[in-house]
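Step one of this worksheet: look at the structure below.
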Amino acid sequence: MSRLSRIKSVRAYVVKNDGTGGGADYHDQGDGHWIDDHIATPMAKYPEYRQSRRSFGINVLGTLVVEIEAENGVTGFAVTTGGEPAAYIVEKHLARFLEGRDPSEVEKIWDQMYFSTQYYGRKGLVVNAISGVDLALWDLLGRLRQEPVFAMLGGPVRDELTFYATGARPDKAKELGFIGGKMPLHHGPAEGEEGLKKNLAELEAMRNACGDDFWLMFDCWMALDLNYATKLAHAAHKYGLKWIEECLSPDDYWGYQALKKNAPDGMLVTTGEHEATRWGFRMLLEMECCDIIQPDVGWCGGVTELIKISAMADAKGVLMIPHGSSVYSYHFVVTRHNSPFAEFLMMAPGADEVVPMFHPQLIGEPVPVNGRLKVPDTPGFGVELNRDIALHRPYAR
Ligand SMILES: C[C@H](O)[C@H](O)[C@@H](O)[C@@H](O)C(=O)O
Ligand SMILES: [Mg+2]
């Protein structure tokens, strides 16, 4: 039993939707933002939901803020996607496995959070809530031990992180020093050959703008079927597409297994941001669904689960490049050999300048400069919660 101060209380907040948008539910943006401009999705087969992902509710959950206070007053926190329903799960169900406990018992606490909610959880919202609690717990541990999270994960294996950028302007990403640009796919199968030609025209234009060596990728956000994805991959090959991401439904392991076989030699197939736990990623790995897994540490189960997921991938020689999740992934990536680069999500409306990903929620959130970042050596995840934002605790106990 460690000598650390015990956990006194767990609190779950949401950020009142004051129109500023953004934060951990980063799809919650205003009109005119690239991230909500006619991006292909599984809902795009319905014309009324094709222009805006907000129209079908991509931002319906909002941000979840979890705070964990120790008896000595030291408080850790984290943000993720989950909003009020996740806050309910944290306060009404998960908190009982932390309050009064030793904060160093991350394994036992995770096990109890997961198996006590397995009958209604396992993936999605519930594992987002578990992830938020786990991240806040690792932040608290770092503050109590006065260590950055990366030091508790085995220490850095490289001096700095290098990033590719996700956004509608890979040409700007190249100017800003990133190693590559991941473009949102704008047209799905419902837009037929016309849409496919538009997708390829966008890729050709960016290849011409970025030159031959800059990484270009398509992010397909679960929007395609196997046939369309195969056609797109082969047609995009002549423009040097480095990887094709999340083409199919996260549950279609069989489709991904086929796509990885169908894809042209030299093109990578990636997925995983909407997958959860070691069991979900074991399926992706053992069925050989992809070349890179992309768990989101705020959605897959947190740091405690990502340790297991990453080790499985490492053993199979598969890269683990987390879905963009700011400091929560940076502290992990810097410690893993099979995570040689990281994702940075361009949250400026025009995808043309570097702004903090979870702005305005985190104070001190570091951003890449010239596509690189040295992870700050400060306790926990090294950021503070911006208490000027409109926080609300809907299920206060
Ligand atoms: C750009 C994509 O449509 C998503 O918005 C993005 O968040 C995610 O898929 C990513 O890989 O960053
Ligand atoms: Mg993606």
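First listed ligand is number 1; within each ligand, the first listed atom is number 1.
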> So, Ser55 versus Arg53: side-chain donor-acceptor pair below 3.5 Å or not?
Replying inline: no
Write the atom name of the N, O or S atom in [X] that is nearest the Mg ion (ligand 2).
X      : result
Glu273 : OE1
Asp219 : OD2
Glu245 : OE2

> Under 3.5 Å between some N or O of ligand 1 and some N or O of Lys182?
Replying inline: yes
> If you measure from atom 9 (O) of ligand 1 to every heavy atom of Asp219, Asp296, Thr41, which option wins on shortest distance?
Replying inline: Asp219
> Out of Glu273, Arg53, Glu246, His27, whose heavy atom is nearest to atom 8 (C) of ligand 1?
Replying inline: Glu273
Taking the six-membered ring for Trp, is the centroid-to-centroid distance between [X] and [Y] below 6.0 Å?
X      : Y      : result
His323 : His274 : no
Tyr114 : Phe97  : no
Phe115 : Trp110 : no
Tyr328 : Trp299 : no
His33  : Tyr26  : no

> Does Arg122 make a cation-pi contact with Trp279, if we ask for NZ or CZ under 6.0 Å from the ring centre and within 45° of the axis?
Replying inline: no
>> With a heavy-atom distance limit of 4.0 Å, tell me whether Glu343 approaches ligand 1 through its side chain, its backbone, both, or neither.
In response: side chain
>> Checking contacts here: is it the side chain or the backbone of Met217 that comes within 4.0 Å of ligand 1, counting heavy atoms only? Could be both or neither.
In response: neither
> Charged N to carboxylate O below 4.0 Å: is that the case for Lys260 and Glu288?
Replying inline: no
> In terms of residue, atom name and distance, what is the protein heavy atom nearest to atom 7 (O) of ligand 1?
Replying inline: Tyr26 OH, 2.7 Å
> Just which atoms of ligand 1 are under 4.0 Å from any heavy atom in His323?
Replying inline: 7 (O), 8 (C), 10 (C), 11 (O), 12 (O)
> Can you list the ligand 1 atoms lying under 4.0 Å from a non-hydrogen atom of Ile35?
Replying inline: 5 (O)
> Does Glu246 put an N, O or S atom under 2.8 Å from the Mg ion (ligand 2)?
Replying inline: no
